[in-house]
Amino acid sequence: MTRTADVVVIGGGANGTSTAFHLTLLGARNVVLLERQQLAAGATGKSGALVRMHYTNEAESRLAFESLKVFRNFGEIVGGDCGFEGVGFVQLVGPTYAAALARNVARQQRLGISTRAITPAEVREILPGCEVGDVGAAAWEADSGFADPAATAFAFAEAARNRGATIETGVEVRRVLTEGSRVVGVETSAGRIEAPTVVIVAGAWSTSLLSPLGLDYRLAPHRIQVSIFRWPAGFTQRHPAVIDAIHKAWWRPEGRAATLIGVELGVAHGDPEKFDEGVDETYVASCRAALAARWPRFAGSTMRGGWAGMIMMSPDGRPIIDRLGPDGLWGMLGDSGTSFKTSPAIGRCLAEWIVIGKPSTADLAPFRASRFAEGRPWQDEDHYGRERLTISR
């Protein structure tokens, strides 16, 4: 049986559910969100879920700042609980990148972000017992922290449902339907849905929907991992979230007495239809080494768990947020492991574009799909190293 919708959103992660919620908030009617498994089953549910403003470019910092306003006031703006914990955030870089960090902090301050450069001595005050001899510069964000990624997606979905959206799980979209140069709906495992507007937010499962439309953005699915370590005896500090660009690692508290950590390692392409959700032994060792290098007390800490998930990397490690190909088709593609914290703003921008005709919350031009065909992939001048980004943070 054929059904109809005004907008179909494909993907039930944080970005998809945020888009559905914001569509209803802006007055869109008959919004249908389809998820092939369960809500937050993809990259969202496996995200490290840091909520930090520090990027090496203004565009992503702006999206993160707009999103922070939502995370910190989630109950009032969306409803429900996103599990946000404002433990603060520290960015560490080596001496080579001290000037770049200073420029990035100044750029973020001009946006209104509460951030400041701090000295290595101040880092030790915030992270007692950590090694700072190799730290050339650092930044501190008191308002940042982390959230519960699954709770965030659940809350966005429930808020969208309460405003009239239809949320369906266990329904796989098999193809986007077009007539001439226009989208006319989707074919699903539960039948056809006619719709003039479709939004693809399917993460690592996007390629099978894009390829039949002749769309190739050289996206590549990657398997990423995190590991959890129990705090050593006598350690009781619920520390802030940290990105350590020197040791290519990030970490944050997990529960009441553990730390969740990921390391930035290049990984082979993975198959989103078949991958091991567990954590590899060699990866655990790398995480322990990176954590102990910064915090020696963790050298003998007990591994308490970990997981692996799939993210979709773009060629330059930055997401694509744009109109795609046929009229009526939109996408948030190539999340590249860093788009949970920006999901409130991304969802609102897409909804604004669809309903109002242009995004007003932030400028999405840097995220345009055409940048690769233009030969202008994303490059930040004030970066902290050109290593490929392959971690969910």
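Both backbone and side-chain heavy atoms feed into the values below; hydrogens, waters and symmetry mates do not. Residue numbers count from 1 along this sequence.
The minimum heavy-atom distance linking Glu66 with Ala345 is given by the pair CB-CB, 3.9 Å. Taking each heavy atom of Ile167 and Ala160 in turn, the nearest pair found is CD1-CB, 4.4 Å. Across all non-hydrogen atoms, the minimal contact from Arg116 to Glu122 is NH1-OE2, 3.2 Å. When every heavy atom of Ser343 is checked against every heavy atom of Ala14, the shortest pair comes out as OG-CB, 3.6 Å. When all heavy atoms of Ala151 and Asp81 are compared, the pair lying nearest together is CB-O, 3.5 Å. Of all heavy-atom pairs between Ala155 and Val78, the closest is O-CG1, 4.0 Å.
Within 6.0 Å of CZ in Arg376 there are 12 or fewer heavy atoms belonging to other residues, nucleotides or ligands. Surrounding CD of Glu179 are at most 12 heavy atoms belonging to other residues, nucleotides or ligands under 6.0 Å away. In Glu273, the CD atom is crowded: over 12 heavy atoms of neighbouring residues, nucleotides or ligands sit closer than 6.0 Å.
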Would Phe146 and Phe89 satisfy ring-ring contact (aromatic ring centres under 6.0 Å, His included), going step by step from the backbone distance to the final call?
CA-CA 9 Å; Phe146 66 95; Phe89 168 78; over 10 Å; no
What do the steps show when you test Ser301 against Arg230 for side-chain contact (heavy atoms from CB on, under 4.5 Å), and what is the final call?
CA-CA 6 Å; Ser301 56; Arg230 177 64 165 81; 5.9 Å; no
Go through the steps to decide whether Leu324 and Tyr217 satisfy the test side-chain contact (heavy atoms from CB on, under 4.5 Å), and finish with yes or no.
CA-CA 10 Å; Leu324 310 172; Tyr217 302 112; 3.4 Å; yes
Report the C-alpha distance between Asp216 and Arg218 in whole Å, list the side-chain angles of each, state the deciding distance to 0.1 Å, and finish with yes or no for side-chain contact (heavy atoms from CB on, under 4.5 Å).
CA-CA 6 Å; Asp216 181 5; Arg218 293 182 290 144; 4.2 Å; yes
Yes or no on side-chain contact (heavy atoms from CB on, under 4.5 Å) for Phe21 and Glu158, after CA distance, side-chain angles and deciding distance?
CA-CA 8 Å; Phe21 166 70; Glu158 184 62 20; over 6 Å; no
Tell me, with the steps shown, if Glu277 and Lys46 meet salt bridge (charged side-chain N to carboxylate O under 4.0 Å, His left out).
CA-CA 9 Å; Glu277 292 186 279; Lys46 302 299 176 63; 2.6 Å; yes
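Using bins of under 30°, 30° to 60° and over 60° for the plane-to-plane angle, the ring pair Tyr384/Tyr97 lands in the perpendicular bin. Ring geometry for Phe156 versus His22: interplanar angle of 30 to 60°, hence tilted.
Between Ile354 atom CD1 and Arg323 atom CZ the span is 9.0 Å, to the nearest 0.5 Å. Once rounded to the nearest 0.5 Å, the distance linking CE of Met332 with SG of Cys349 reads 11.0 Å. We find the OG1-CD1 distance between Thr19 and Ile346 to be 8.0 Å, quoted to the nearest 0.5 Å. In this structure, the separation between CG on Asn15 and CG on Leu350 is 8.0 Å, given to the nearest 0.5 Å. Distance check: Leu333 CG to Ser336 OG gives 10.0 Å after rounding to the nearest 0.5 Å.
Under the 4.5 Å side-chain contact rule for hydrophobic residues, Leu177 and Val32 do not share a cluster. One hydrophobic cluster holds both Val9 and Leu26 under the rule that ILVMFWY side chains link at heavy-atom gaps under 4.5 Å. Ile10 and Trp205 fall into different hydrophobic clusters, where Ile, Leu, Val, Met, Phe, Trp and Tyr side chains are chained together by heavy-atom contacts under 4.5 Å. Leu63 and Trp330 fall within the same hydrophobic cluster, defined by Ile, Leu, Val, Met, Phe, Trp and Tyr side-chain heavy atoms under 4.5 Å apart, directly or through other members. The hydrophobic clustering, which links ILVMFWY residues whose side-chain heavy atoms are closer than 4.5 Å, places Leu25 and Val355 apart.
Using a 4.5 Å heavy-atom threshold, the side chains of His247 and Leu92 count as separate. Within the 4.5 Å cutoff, the side chain of Thr169 has heavy atoms near those of the Leu39 side chain. With a 4.5 Å cut-off on side-chain heavy atoms, Pro319 and Asp335 do not count as touching. Using a 4.5 Å heavy-atom cutoff, the side chains of Arg371 and Arg318 are in contact. Residues Val51 and Leu68 have side chains in contact (heavy-atom distance under 4.5 Å, counting atoms from C-beta outward). Proximity of Ile126 to Ile118: side-chain heavy atoms (C-beta onward) are separated by under 4.5 Å at one or more points. Looking at Val135 and Ile246, their side chains come closer than 4.5 Å, going by heavy atoms from C-beta outward. Side-chain contact between Pro221 and Phe275: absent, with no pair of heavy atoms (C-beta onward) separated by less than 4.5 Å.
Side-chain N/O atoms of Tyr55 and Thr338 include a donor and acceptor closer than 3.5 Å. For the residue pair Ser314 / Asp316, a side-chain donor-acceptor distance below 3.5 Å is found, with atom types taken as modelled. Side-chain atoms of Glu352 and Thr361 form a donor-acceptor pair, as typed in the model, at a separation below 3.5 Å. Using modelled atom types, one finds a donor on one side chain and an acceptor on the other under 3.5 Å when comparing Thr259 with Trp231.
Judged purely by atom type and a 3.5 angstrom limit, Glu141 uses its side chain to pair as donor or acceptor with the backbone of Met53. Judged by distance alone, with hydrogens and angles left aside, the side-chain atoms of Tyr283 form no donor-acceptor pair with the main-chain N or O of Ser227 at under 3.5 Å. Judged purely by atom type and a 3.5 angstrom limit, Ser189 uses its side chain to pair as donor or acceptor with the backbone of Glu172. With hydrogens and angles ignored, the 3.5 Å screen pairs a side-chain donor or acceptor of Arg223 with a backbone N or O of Asp276. The backbone N or O of Cys130 sits less than 3.5 Å from a side-chain atom of Arg124, completing a donor-acceptor pair. Looking at Ser61, its side chain never comes within 3.5 Å of a backbone N or O of Ala59 through a donor-acceptor pair. At distances below 3.5 Å, at least one donor-acceptor pair connects side-chain atoms of Arg72 with backbone N or O atoms of Asp143. Arg52 contributes no side-chain N or O that, together with a main-chain N or O of Ala64, makes up a donor-acceptor pair within less than 3.5 Å. With Arg368 contributing its side chain and Ser370 its backbone, the two residues share no donor-acceptor pair below 3.5 Å. Remark: side-chain polar atoms of Ser47 are not paired, donor with acceptor, to backbone N or O of Ala43 under 3.5 angstrom.
The existence of a salt bridge linking Arg107 and Asp382 is confirmed by a sub-4.0 Å separation between a basic side-chain nitrogen and an acidic carboxylate oxygen. Ion pairing between a basic and an acidic side chain is recognised when a charged N comes within 4.0 Å of a carboxylate O; Glu168 and Arg36 show no such pairing. Using a 4.0 Å cut-off between charged nitrogen and carboxylate oxygen, Glu58 and Arg110 do not count as a salt-bridge pair. Arg252 and Glu254 are joined by a salt bridge, as a carboxylate oxygen and a charged side-chain nitrogen come within less than 4.0 angstrom of each other. Ion pair Asp6/Arg29 not flagged as a salt bridge, since none of the NZ, NE, NH1 or NH2 atoms sits closer than 4.0 Å to an Asp/Glu carboxylate oxygen.
Ring-centre distance between Phe340 and Phe71: below the 6.0 Å cut-off. In this structure, Trp251 has its ring center no closer than 6.0 Å to that of Phe229.
The only option from Val198, Thr197, Thr178 that meets the side chain to side chain contact (heavy atoms under 4.5 Å, CB included) definition with Leu329 turns out to be Val198.
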